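What you see is a predicted model; the values in this text were computed from it and never measured. Chain identifiers are assigned alphabetically (A, B, ...) following the order of the sequence lines, protein sequences preceding nucleic acid strands; residue numbering begins at 1 within each chain.
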Amino acid sequence: MSNDPPKLLLDDVHKAFGPKVVLNGLNLTLHKGESIVVIGGSGTGKSVMLKCVLGLLRPDAGRIQVDGEDVVGMGGGKRDRVLRKFGMLFQNAALFDSLSVWENVAFGLVEGAGMAREEAREISLDKLRRVGLGPDVAELSPAALSGGMRKRVGLARAIATEPEIIFFDEPTTGLDPIMGDVINHLIVECVRDLGASTITITHDMSSARTIAHRVAMLYKGRILWIGPADRIDDSGNPYVEQFIHGRADGPIQMEVLKT
Amino acid sequence: MNPLAIVGRVVLGFLNTAGKLSIFTGQAVSSCFAPPVYLRLIGRQLLAIGYYSLPVVGLTAIFTGAVLALQIYIGSSRFNAESTVAFIVVIAITRELGPVLAGLMVGGRVGAAMAAELGTMRVTEQIDALVTLQTNPMKYLVAPRLIAATIAMPLLVAIADIIGVMGGYLVSVNKLDFNAATYLKNTFDVLEADDVVSGLIKAAVFGFIIALMGCYHGFNSSGGAQGVGRATTNAVVSGLILILVANYIMTDLFFA
Ligand SMILES: Nc1ncnc2c1ncn2[C@@H]1O[C@H](COP(=O)(O)OP(=O)(O)O)[C@@H](O)[C@H]1O
Ligand SMILES: [Mg+2]
């Protein structure tokens with residue numbers, strides 16, 4: 001590792017919604033070119049963590065740095081400049097349904113970077129081809145697409161501006177295993193080609209194994225365990241063991257079982 | 001529970017909403033005057049708000065003008081019916097019924113549509129996605145709707161005025177056997193520019209209120225499909241009530 005600051009640093013981040021504590025002293029460091037997969041049960045705050053970084057939610061306490069620059073509470077033009085470094089695939093793709101598929105993919109280029117529509121259209125068609133969608137799909141409305149296609153369009157939109165840091169929020173959830181694997185490989189390829197640093201959230205262990213350099217497990221608002229992807233099976237951590245094997249009994253008690 | 005605590009909670013809740021709405025209004029208005037201006041989106045909203053409301057507003061206006069003529073004729077037949085009908089129809093339509101009825105109809109139609117669309121964008125994270133793509137949702141979503149509604153409503157009401165007066169004319173001439181030329185002469189004799197202009201100013205304010213309520217409730221919706229439904233209802237109800245309140249205040253100011 002060089003002396004450059006990490007691409008992304010979360011330091012003791014706290015976030016609560018009313019009485020409900022979601023993030024409780026979360027620490028995470030993402031290095032340049034690194035791919036971290038974050039695992040953890042539903043509702044543990046994985047999406048909230050990403051939204052705090054992007055400034056969609058404001059953490060109650062803690063520090064978030066992008067390339068060594070503090071971003072919490074940043075606003076207006078400064079925040080847009082930082083956001084330009086990011087791409088985000090939302091959990092349910094969050095495609096704009098008033099726009100066609102190619103306009104969705106081109107959105108960051110046209111509105112964010114101010115590119116001419118024609119040029120942006122070419123790039124968008126090229127990104128769509130990268131995720132296996134032909135020009136016939138480009139003119140469709142997102143409402144006409146299947147779940148797998150929506151995820152792929154969301155992926156194309158996330159990589160369209162060639163960002164330095166990309167977040168994938170549950171990219172394979174709700175897809176059949178084959179489509180899931182297609183998406184995993186697309187992510188690996190995109191990251192390799194762009195040299196981007198990524199955080200991927202998933203429940204899917206095969207996805208984690210395909211994508212990750214490091215795997216982090218989020219539990220009760222903190223990173224409970226983080227280690228290289230090939231150490232996940234002998235983490236020696238009973239929480240991680242329980243999660244990756246999907247057992248109902250173990251140290252993690254589901255809320256439903258307690259009541 | 002302590003009655004004071006209940007009063008306190010209600011007052012705090014009201015102040016909280018009023019504060020949030022004021023901040024939203026401030027941001028929304030200032031975003032209308034800051035670049036970038038999305039002309040394409042303003043155009044699309046003008047079509048959705050103005051053009052597609054024409055049938056509803058036109059039908060409302062023609063039947064209102066017609067029924068006014070009938071009612072006034074019944075009420076005033078003992079006096080000088082022929083001039084009274086023309087007089088009251090044109091004044092009532094231009095000053096009050098044109099803007100208010102158009103406001104209520106468009107408020108139901110457009111306020112609901114805006115709240116549902118923005119509410120769905122909120123709960124499906126499309127608004128978050130806009131932000132991550134470095135686009136200010138106030139400028140991209142709210143400003144075009146506010147601008148378009150504020151422009152479209154006076155245009156709609158100008159048309160509604162004409163159609164409403166025509167409704168009164170048709171009934172008066174065809175059913176009440178008034179003389180057509182006299183009716184028109186009576187109409188234009190009493191009509192003053194202030195009557196029309198005050199109605200159009202009201203219309204612009206109503207347009208602003210409709211879009212503001214639609215956007216505010218849509219923007220702040222949460223909790224899935226149910227939340228969007230709630231936002232839609234709240235947008236329409238609050239929009240219509242605010243139109244009636246604003247109408248009273250403006251009438252008081254204009255004609256006091
Ligand atoms: N905007 C919000 N307002 C209130 N509560 C929220 C909000 N966003 C998330 N939460 C709560 O935070 C918790 C974590 O949510 P999330 O990060 O989406 O979970 P996940 O780990 O499945 O992505 C959930 O209990 C959710 O109800
Ligand atoms: Mg999530």
Problem - Modelled atom types, side-chain donor and acceptor of B:Gln126 and A:Asp97, under 3.5 Å - result: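 There is such a pair between these side chains.
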Practice task
Answer yes if the side chains of B:Glu96 and B:Thr251 hold a donor-acceptor pair under 3.5 Å, and no otherwise.
Solution key: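 Note: B:Glu96 and B:Thr251 side chains meet the donor-acceptor criterion.
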Contacting region of [X] [heavy-atom separation from chain B under 4.5 Å]:
X        : result
A:Leu57  : neither
A:Arg81  : neither
A:Ser98  : both
A:Leu109 : neither

Handout entry: Contact class of B:Thr132 relative to chain A, heavy atoms under 4.5 angstrom
Key =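 Both backbone and side chain of B:Thr132 come within 4.5 Å of chain A.
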Handout entry: Side chain / backbone / both / neither for B:Ile127 at chain A, heavy atoms under 4.5 Å
Key =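 Neither part; nothing is under 4.5 Å.
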Problem - Residue selection (most heavy-atom pairs with chain B, distance under 4.5 Å) from A:Arg79, A:Met88, A:Glu111 - result: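 Top option by heavy-atom pairs under 4.5 Å: A:Glu111.
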Problem - Rounded distance [0.5 Å steps], OG in B:Ser222 versus CZ in B:Arg122 - result: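 Nearest 0.5 Å value for the OG-CZ distance: 9.5 Å.
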Handout entry: A:Glu162 bridged to A:Lys127 by N-O distance under 4.0 Å
Key =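 Answer for the salt bridge query: yes.
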Problem - is_close_aromatic(A:Phe107, B:Tyr140), centroid dist under 6.0 Å - result: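 Between B:Tyr140 and A:Phe107, which both carry aromatic rings, the centre distance is below 6.0 Å.
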Handout entry: More than 12 heavy atoms from other groups under 6.0 Å of CZ on A:Phe17
Key =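 Counting neighbours around CZ of A:Phe17, more than 12 heavy atoms of other residues, nucleotides or ligands fall under 6.0 Å, so yes.
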